[in-house]
Amino acid sequence: MSATFEQLFVKYPDLEPCRASIHAAFEAMKLSFEKGGKMLLAGNGGSAADCEHVVGELMKGFMSPRKLPKKQRDLMLVHGEEQGTYLADHLQGALPAISLVSHTAFATAFNNDVAPDMVFAQQVYGYGQQEDILVVFSTSGNSANIVHAVQVAKSMGVTTVGLTGEGGGRLKELCDVIIRVPYSSTPDIQERHLPIYHVLCMMLEEAFFV
Ligand SMILES: O=C(CO)[C@@H](O)[C@H](O)[C@H](O)[C@H](O)COP(=O)(O)O
């Protein structure tokens with residue numbers, strides 16, 4: 001196991017029961033990116049903020065700079081040496097991730113016109129490909145909009161990872177990988193989700209860019 005992974009349990013020994021599921025989530029995410037897939041993320045409230053946070057860690061350098069490989073740098077030179085060098089120097093390696101909580105115009109219209117509990121499911125349907133991975137955060141594991149998104153993902157062959165509280169709710173039976181942190185209050189659960197996704201993002205960066 002990597003040092004980054006082990007450090008999680010040194011800092012948060014209470015997460016030891018989640019060791020196997022966190023590692024399984026890492027393997028599933030890595031496989032999805034290796035296949036050319038992308039990560040879709042959904043959650044409500046504080047978990048919506050977590051979705052945005054993960055995108056920030058994956059779409060640019062997180063713990064390490066992510067210089068472009070020469071082949072991709074060279075593509076920029078079509079704009080001339082000076083401009084091409086500027087573009088190449090300021091682009092960073094990205095692991096493609098889309099937060100489904102942030103499309104305000106779509107979401108307000110869909111909630112108003114169709115069904116709020118299908119707002120994430122509709123986006124999974126629109127964006128999802130078999131090689132993708134859907135990551136959902138739900139402290140209860142029972143939020144209807146999250147459950148429906150996972151159900152649609154499963155129908156489409158999209159891999160699903162859930163982060164929940166200890167009960168796991170309906171997601172416990174639905175997700176391919178379920179990380180159930182050993183807490184039952186919403187803030188306690190959310191406070192443990194954060195170090196887990198930080199470590200997953202670090203491990204993915206190490207796997208693809210270091
Ligand atoms: O952090 C907040 C609000 O910002 C909490 O209230 C919590 O995220 C919200 O109640 C969510 O709607 C709970 O949904 P879930 O985690 O059970 O799926």
Side-chain angles (χ1 to χ4, degrees), residues 8 11-12 14-22 24-26 28-29 32 38-58 97-128 132-156 158-201:
L8 176 66
K11 276 174 87 172
Y12 299 93
D14 52 338
L15 292 178
E16 195 62 50
C18 305
R19 174 181 281 270
S21 58
I22 296 169
F26 165 69
M29 291 170 183
S32 171
K38 61 191 174 295
M39 183 183 290
L40 305 174
L41 298 114
N44 295 298
S47 300
D50 290 324
C51 295
E52 300 281 302
H53 191 162
V54 171
V55 171
E57 310 301 26
L58 293 180
I98 301 174
S99 164
L100 305 182
V101 308
S102 52
H103 302 129
T104 317
F106 158 75
T108 51
F110 192 84
N111 292 343
N112 193 40
D113 301 346
V114 188
D117 63 355
M118 289 294 289
V119 69
F120 295 135
Q122 175 66 21
Q123 292 176 85
V124 169
Y125 177 69
Y127 289 123
D132 293 345
I133 189 158
L134 173 67
V135 176
V136 296
F137 297 92
S138 175
T139 59
S140 62
N142 284 324
S143 295
N145 56 1
I146 299 292
V147 168
H148 293 156
V150 170
Q151 288 173 330
V152 170
K154 285 187 83 72
S155 311
M156 296 172 66
V158 171
T159 304
T160 55
V161 172
L163 286 88
T164 69
E166 65 184 350
R170 294 183 65 194
L171 293 183
K172 183 176 56 184
E173 310 301 335
L174 279 173
C175 288
D176 297 309
V177 179
I178 186 91
I179 301 172
R180 294 157 54 193
V181 300
Y183 292 90
S184 54
S185 93
T186 299
D188 283 339
I189 297 165
Q190 290 174 341
E191 285 165 29
R192 297 319 186 287
H193 284 176
L194 192 152
I196 292 172
Y197 66 70
H198 260 163
V199 158
L200 287 169
C201 290

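Below, each value reflects all heavy atoms present in this structure, side chains not excepted, and no hydrogens, waters or symmetry copies. Counting starts at 1 for both ligands and their atoms, in listed order.
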With distance as the sole test, does Lys38 use its side chain to make a donor-acceptor pair with the main-chain N or O of Tyr127 at under 3.5 Å?
yes

Residues which pass salt bridge (Lys or Arg N to Asp or Glu O under 4.0 Å) with Asp14, listed by chain and number, not counting sequence neighbours
Arg192

Considering only residues two or more places apart or on different chains, which pairs with a residue in residues 166-191 satisfy salt bridge (Lys or Arg N to Asp or Glu O under 4.0 Å)?
Lys154-Asp176

Tell me which residues fall inside the under-4.0 Å heavy-atom shell around ligand 1.
Asn44, Gly45, Gly46, Ser138, Thr139, Ser140, Ser143, Gln190

Side chain His148, main chain Ala144, donor-acceptor under 3.5 Å
yes

What is the minimum heavy-atom distance between Ala28 and Thr159, and which atoms define it?
CB-CG2, 4.3 Å

Enumerate, atom names and distances included, each donor-acceptor pair closer than 3.5 Å involving a side-chain atom of residues 104-122, sequence neighbours excluded.
unit_1, atom_1, unit_2, atom_2, d
Thr108, OG1, Thr104, O, 2.8
Thr108, OG1, Ala105, O, 3.1
Asn111, ND2, Ala107, O, 3.1

